[in-house]
Amino acid sequence: MYYFVNLNLPFAMQSTTPGPLRSNASLPDQSDNRLADQLVLPGPATRRLQTVDLIRGFALLGILMMNIVGFALPHPTVAARLYALPHDGLDFRMFDGVMTVFEGTMRALFSMLFGAGVLLFTAKKDDLSSRYTIADFYYRRLFWLILFGVINAYVLLWPGDILYTYGLCGLFLFPFRKQRAVFLLAAAGLCFLIAFGKGFWKSSEQQQTRKTYLQAIQTEKQKKPLTDAQQTAKTAWLDIEKSTRIDLKRETEFVQQMRSGYGTVFAMFVPINSNIQSVEFYQEYLWDALLMMFLGMALFKWGFFSNEWTTRQYLIGLLAGYGVGLTLGHLAFWEGAAWFRNPGTVMDAGQFPAQTLYHLRRASTAVGHASLLLLLYRSGVVPWLMKGLANVGQMAFTNYLMQSVICTLFFYGYGFGYFGRLAFHQIYYVVAAVWVFQIIFSAIWLRYFRFGPLEWVWRSLTYWHRHPMRRISG
């Protein structure tokens, strides 16, 4: 079985009251260039699709629930240590809940909304008075995003950066902007099949490695020499077993490095970042991101994110999304717990590996999350929370990089040095504090400014002129 634990170590007309938007709200009229310009994300708060900001804000805050593990705990041994926790303890129960409900799903939502953002951005009509077309601005915007991703990884020292991946994947999406939703859904399906095939192939390879390893053990018991294939399989399987155990020496060295100065942490992360942004991007993140982006584009064209579905349809999305996603999440979590206890026993059982359905699980749960949010938005029961999440979503770019700054300064050695010092449940106190701060900060900032600070920088760089930022009073 192919097992992995993804702890995230791999963006409109504003409705004043909850309720369905007009049927044409999912895409601006191509003939109205001014309206389309307002709908380009990030854009002014007065002309935005609030439900998109709402879901984006929820996803942005939720991403920190997964990223905090990478910020706070030693990457090489974190999975083995967390799965080895006492099953009746608070930390393990919390780990179970986080992995089942949130792991991968927040990133899925974020990726879906990036796909929706592509449609919003490219809906703008070419300005005939300019020598540049919307394609020029689109690709310039993505190249800046790639650069910001490099800065997040190599300067802010967060190897779990997603901006680089989004920028590269976004380069492929422009030709698909005018395709029908069904075509986009088919493209998402193709990406799923590729990702599923890669995962299933790796699972099959591990099955064969285990089989050959057992043959090698029998050969050794018979006092016979091993073949080259048996020796290779034996080494490979022992490495797999070793990866499920806690290596105290490696863990101690990693923690010491993370509690050191900026130069030490930077030097340690350079090869990690280089691998993630090259080999890992090709092997995993490319299909991971494209799948959700295509799905997000399809859902946006169907009016899902713009609150155009009926209440009944959103209820079906909620029940079906959670029914499939949480069930698969539960199975995958306990499969992981068994794997880290004894990978050989799991492999020998010959069960279908639930982890190969990783993307189905996260997409389903993400749809469930979004459906629940939109139902709450319609009900009007917590308008202050909906507004707070929308503010965070409107400043998602700023808030995402702000999380890197806050968490690295809190946990890394050149800051407060709390890396490896907190229990699993305690790192979520930090998450809650960041959430409160970003909700308050976003609300205050948007009272006086039309854009978040980095949204303004990104927009000005994209159009290569300084945009007005302050709100005009009166």
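Just so it is clear, the model here is predicted, and its values are computed rather than measured. The first residue of the sequence shown is numbered 1, and numbering continues consecutively from there.
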When F305 is tested against each of L54, L113, T51 for side-chain contact (heavy atoms from CB on, under 4.5 Å), which residue passes?
L113

Might you point out which heavy atoms bring T398 and L454 nearest each other, and give the distance in Å?
OG1-N, 3.0 Å

Looking only at side-chain N and O atoms, does S260 offer a donor or acceptor that is under 3.5 Å from a partner on Q256?
no

With sequence neighbours excluded, what pairs up with Y429 under the ring pair (Phe, Tyr, Trp, His ring centres under 6.0 Å) test?
H425

Over all atoms of both residues, closest heavy-atom pair of A80 and I246
CB-CG1, 4.0 Å

Quick one: are F300 and L120 in side-chain contact, heavy atoms under 4.5 Å?
yes

With under 30° as parallel and over 60° as perpendicular, where do the rings of F95 and F92 fit, or are they tilted in between?
perpendicular

Chi angles and distances behind the side chain to side chain contact (heavy atoms under 4.5 Å, CB included) call for Y166, F148
CA-CA 11 Å; Y166 282 3; F148 280 118; over 6 Å; no

Kindly indicate whether the side chain of L85, heavy atoms from C-beta on, has any atom under 4.5 Å from the side chain of L82.
yes

Distance, nearest 0.5 Å, that separates OG1 of T100 from CG of L331
9.5 Å

Step through the shown structure and confirm whether more than 12 heavy atoms of other residues, nucleotides or ligands are within 6.0 Å of CZ on F416.
no

Residue pairs, two or more places apart or on separate chains, that pass salt bridge (charged side-chain N to carboxylate O under 4.0 Å, His left out) and touch residues 358-372
E103-R361, D288-R362

Begin with the C-alpha distance, continue with both residues' side-chain angles, and end with the deciding distance and a verdict on side chain to side chain contact (heavy atoms under 4.5 Å, CB included) for L291 and I194.
CA-CA 10 Å; L291 190 170; I194 293 172; over 6 Å; no

D228 CG: over 12 foreign heavy atoms closer than 6.0 Å:
no

Result block: side-chain N/O donor-acceptor pairs under 3.5 angstrom for residues 316-329, not counting sequence neighbours:
{"from": "Y322", "atom 1": "OH", "to": "H369", "atom 2": "ND1", "distance (Å)": "2.7"}
{"from": "T327", "atom 1": "OG1", "to": "G323", "atom 2": "O", "distance (Å)": "2.6"}

Taking only residues two or more places apart in sequence, or in another chain, which ones meet D348 in a salt bridge (charged side-chain N to carboxylate O under 4.0 Å, His left out)?
R210

If you measure from CE on M99 to CE on M65, what distance do you get to the nearest 0.5 Å?
12.0 Å

Mind running side chain to side chain contact (heavy atoms under 4.5 Å, CB included) on Q50 and M386 for me, showing each step along the way?
CA-CA 9 Å; Q50 190 179 43; M386 300 295 103; over 6 Å; no

F333 vs Y83 aromatic rings, parallel, tilted or perpendicular, using cut-offs 30° and 60°?
tilted

Rounded to the nearest 0.5 Å, what's the gap from CG on L389 to CD on Q394? Could you check?
13.0 Å

Scanning both residues in full, the closest heavy-atom pair of Q230 with P225 reads OE1-O, 4.4 Å

Side chain S379, main chain L376, donor-acceptor under 3.5 Å:
yes

Check side chain to side chain contact (heavy atoms under 4.5 Å, CB included) between N273 and all other residues, then give those that pass, not counting sequence neighbours.
A153, Y154, P159, F269

On a heavy-atom basis, the closest approach of Q257 and M268 is OE1-SD, 3.0 Å

Mind checking what makes ring pair (Phe, Tyr, Trp, His ring centres under 6.0 Å) contact with Y428, not counting sequence neighbours?
F424

Any I146 side-chain heavy atom under 4.5 Å of L163 side chain:
no

Assess K198 against Y282: is NZ or CZ under 6.0 Å from the centre of the six-membered ring, and within 45 degrees of the ring's axis?
yes

Are I63 and I162 close enough, and set up right, to give a side chain to side chain contact (heavy atoms under 4.5 Å, CB included), and what steps lead you there?
CA-CA 11 Å; I63 280 175; I162 199 64; 5.8 Å; no

Shortest non-hydrogen contact between A390 and D53, atoms and distance
O-CB, 3.5 Å

Does F437 have any ring pair (Phe, Tyr, Trp, His ring centres under 6.0 Å) partners at least two apart in sequence or in another chain, and if so, which?
F441

Residues two or more places apart in sequence or in another chain: which of them pass side chain to side chain contact (heavy atoms under 4.5 Å, CB included) with T310?
R312, Q313

When the ring centroid of F121 is compared with that of F114, is the distance short of 6.0 Å?
no

For the residue pair R141 and W458, what are the closest heavy atoms and their distance?
O-NE1, 3.0 Å

So salt bridge (charged side-chain N to carboxylate O under 4.0 Å, His left out) across residues 240-258, not counting sequence neighbours, yields R81-E251

Quick check: do Y414 and T264 have side-chain heavy atoms less than 4.5 Å from each other?
no

Sequence neighbours left out, what passes salt bridge (charged side-chain N to carboxylate O under 4.0 Å, His left out) with E220? Give chain and number order.
K234

Just checking, any donor-acceptor pair under 3.5 angstrom between side chains of E205 and W201?
yes

Is there a side-chain contact between W287 and H359 (heavy atoms, below 4.5 Å)?
no

Heavy-atom neighbours of F172 CZ exceed 12 at 6.0 Å:
no

Can you give the donor-acceptor pairs under 3.5 Å from side chains of residues 405-413 to other protein atoms, not counting sequence neighbours?
{"from": "T408", "atom 1": "OG1", "to": "S404", "atom 2": "O", "distance (Å)": "2.6"}
{"from": "T408", "atom 1": "OG1", "to": "V405", "atom 2": "O", "distance (Å)": "3.2"}
{"from": "Y412", "atom 1": "OH", "to": "L157", "atom 2": "O", "distance (Å)": "3.1"}

4.5 Å side-chain heavy-atom contact, F352 and S203
no

Return the set of residues passing ring pair (Phe, Tyr, Trp, His ring centres under 6.0 Å) with Y314 (not counting sequence neighbours), or none when no residue passes.
F304, W309

I'd like to check L315 versus T311 (side-chain heavy atoms, cut-off strictly below 4.5 Å). Are they in contact?
yes

Flag side-chain contact, heavy atom, 4.5 Å: V98 against V69
no

